[in-house]
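These notes concern the structure reproduced below.
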Amino acid sequence: NRTLVLLSLVVALGGCDQAKKALSGDDKPDPKPVSADPVALELGVANATVSMITVKNGDTEVPGKFEGVSGTMTFADGKHPSALTGSLDIELGSWDSGLELRDDRVKNIFFDAAKNQTASFRLTNIEDLPAEGMVIGADAEGTAKGRLTIAGTSVDVEAKVKLTRSGETDFHLDTIEPFVVSIESLHLTNPLKALMKECEHESIDDSVRVSVRLDLTAEADVHTVTTKKAPAQTHDPAQAATREA
């Protein structure tokens with residue numbers, strides 16, 4: 001039967017082709033592309049300031065700031081910077097509100113800075129940053145989440161922030177609006193009462209408004225804490241009276 005002969009010939013030729021491919025290696029599947037593991041980008045913290053506003057006697061705002069701030073921040077993928085984690089260390093002895101007497105009392109009575117030299121903040125994530133990363137010149141807003149620790153007590157905090165990429169390895173981070181920290185939640189109520197008594201204040205609010213600004217750069221020395229001291233302020237001793245502190 002001619003049909004059977006033709007079918008046998010086709011099968012035989014196909015088998016020859018398969019055998020040739022097996023011998024030549026042509027029948028091996030195409031290799032799948034292997035994606036390289038992302039390379040993390042670690043940046044140092046520079047030009048950082050943590051600012052706070054407290055309210056005394058019901059309606060008087062008292063601003064102050066820490067400039068002794070250091071730390072490191074890491075993008076999980078340096079080519080597509082989006083996922084950011086890291087830590088900040090804040091020198092409590094760098095507190096500056098512009099009034100020496102008040103600053104000494106806050107550092108010694110409230111923070112007990114001789115014993116509790118630093119506070120720390122651990123950033124766990126910034127939600128809503130673009131997953132594809134940020135090109136140079138772009139900025140993005142998100143919600144930073146982390147944990148603040150002072151004198152052995154930690155609280156979870158979150159803040160609306162704006163992240164700007166100004167260079168290949170240069171970024172700037174700012175809080176869009178202050179976030180609120182409760183003094184009671186940090187177990188600092190007793191030091192607060194002692195400060196009120198020393199300064200003869202009627203009240204100091206439990207809620208503190210906190211703002212953060214910092215630069216992230218590969219140029220920063222991530223192992224060195226630099227404390228910037230404000231210029232010495234000249235003041236009339238009468239202006240440094242107890243009720244002004």
Side-chain angles (χ1 to χ4, degrees), residues 47-71 88-122 144-161 174-214 225-245:
N47 305 319
T49 301
V50 176
S51 303
M52 301 193 327
I53 296 178
T54 57
V55 177
K56 68 177 184 179
N57 299 330
D59 59 2
T60 302
E61 293 189 345
V62 181
K65 60 186 177 181
F66 300 97
E67 289 187 317
V69 182
S70 66
L88 295 177
D89 291 315
I90 306 159
E91 289 187 4
L92 296 177
S94 70
W95 171 254
D96 179 17
S97 69
L99 188 62
E100 185 177 356
L101 177 61
R102 175 169 57 214
D103 293 342
D104 288 343
R105 287 172 171 169
V106 170
K107 288 184 282 190
N108 296 328
I109 299 174
F110 183 69
F111 289 123
D112 192 6
K115 178 181 178 182
N116 308 306
Q117 297 184 358
T118 60
S120 66
F121 175 73
R122 301 291 177 256
K145 295 187 175 184
R147 197 155 180 80
L148 174 67
T149 301
I150 299 178
T153 300
S154 301
V155 294
D156 293 326
V157 298
E158 62 179 62
K160 298 294 183 181
V161 298
D174 251 323
T175 46
I176 297 174
E177 57 188 33
F179 59 95
V180 177
V181 176
S182 163
I183 292 174
E184 182 180 8
S185 69
L186 288 166
H187 298 170
L188 293 173
T189 301
N190 288 336
L192 180 65
K193 290 179 179 178
L195 181 64
M196 287 171 51
K197 181 178 179 180
E198 180 68 21
C199 299
E200 299 184 19
H201 293 327
E202 295 178 2
S203 65
I204 298 178
D205 285 6
D206 174 73
S207 298
V208 179
R209 304 200 303 275
V210 183
S211 301
V212 178
R213 67 160 309 279
L214 51 87
V225 177
T226 302
T227 302
K228 297 180 181 179
K229 297 295 291 182
Q233 301 210 10
T234 59
H235 59 277
D236 187 328
Q239 294 180 341
T242 298
R243 295 187 181 277
E244 293 298 323

* Could you tell me which non-hydrogen atom of Ala113 sits nearest to which non-hydrogen atom of Gly93, and how far apart they are? => CB-N, 4.2 Å

* For Thr189, which residues count as a side-chain hydrogen bond (donor to acceptor under 3.5 Å, both in side chains) partner, sequence neighbours excluded? -> none

* Structure fact -> When every non-hydrogen atom of Gly98 is compared with those of Asp103, the smallest separation belongs to N-OD2, 3.7 Å

* Taking only Lys NZ, Arg NE, NH1 and NH2, and the carboxylate oxygens of Asp or Glu, determine whether Asp96 and Lys65 approach each other closer than 4.0 Å. => no

* Can you list the residues that meet the ring-ring contact (aromatic ring centres under 6.0 Å, His included) rule with Phe111, with sequence neighbours excluded? -> Phe66

* In plain terms, say whether Arg102 and Glu100 are close enough for a salt bridge, that is, a side-chain N and a carboxylate O under 4.0 Å apart. => no

* Those residues that, when tested against Lys145, pass side chain to side chain contact (heavy atoms under 4.5 Å, CB included) (two or more places apart) -> Thr124, Glu127, Thr143, Glu158

* Asked: Does the side chain of Asp89 pick up a donor-acceptor pair with the side chain of Thr118 at under 3.5 Å?
  -> no

* Under-4.0 Å salt bridge between Lys56 and Glu202 -> no

* Structure fact -> Of Thr49, Leu88, Val69, the one forming a side chain to side chain contact (heavy atoms under 4.5 Å, CB included) with Leu214 is Leu88

* **Evaluation steps, side-chain contact (heavy atoms from CB on, under 4.5 Å), between Leu195 and Ile204** => CA-CA 9 Å; Leu195 181 64; Ile204 298 178; 4.1 Å; yes

* Can you list the residues that meet the side-chain hydrogen bond (donor to acceptor under 3.5 Å, both in side chains) rule with Glu177, with sequence neighbours excluded? -> none

* **For Ser207, side chain to side chain contact (heavy atoms under 4.5 Å, CB included) partners two or more places apart** => Val180

* What heavy-atom pair brings Ile176 and Val161 nearest, and what distance separates the two atoms? -> CD1-O, 3.5 Å

* Structure fact -> Residues passing the side chain to side chain contact (heavy atoms under 4.5 Å, CB included) test with Val208, sequence neighbours excluded, are Met52, Thr54, Ile183, Val210

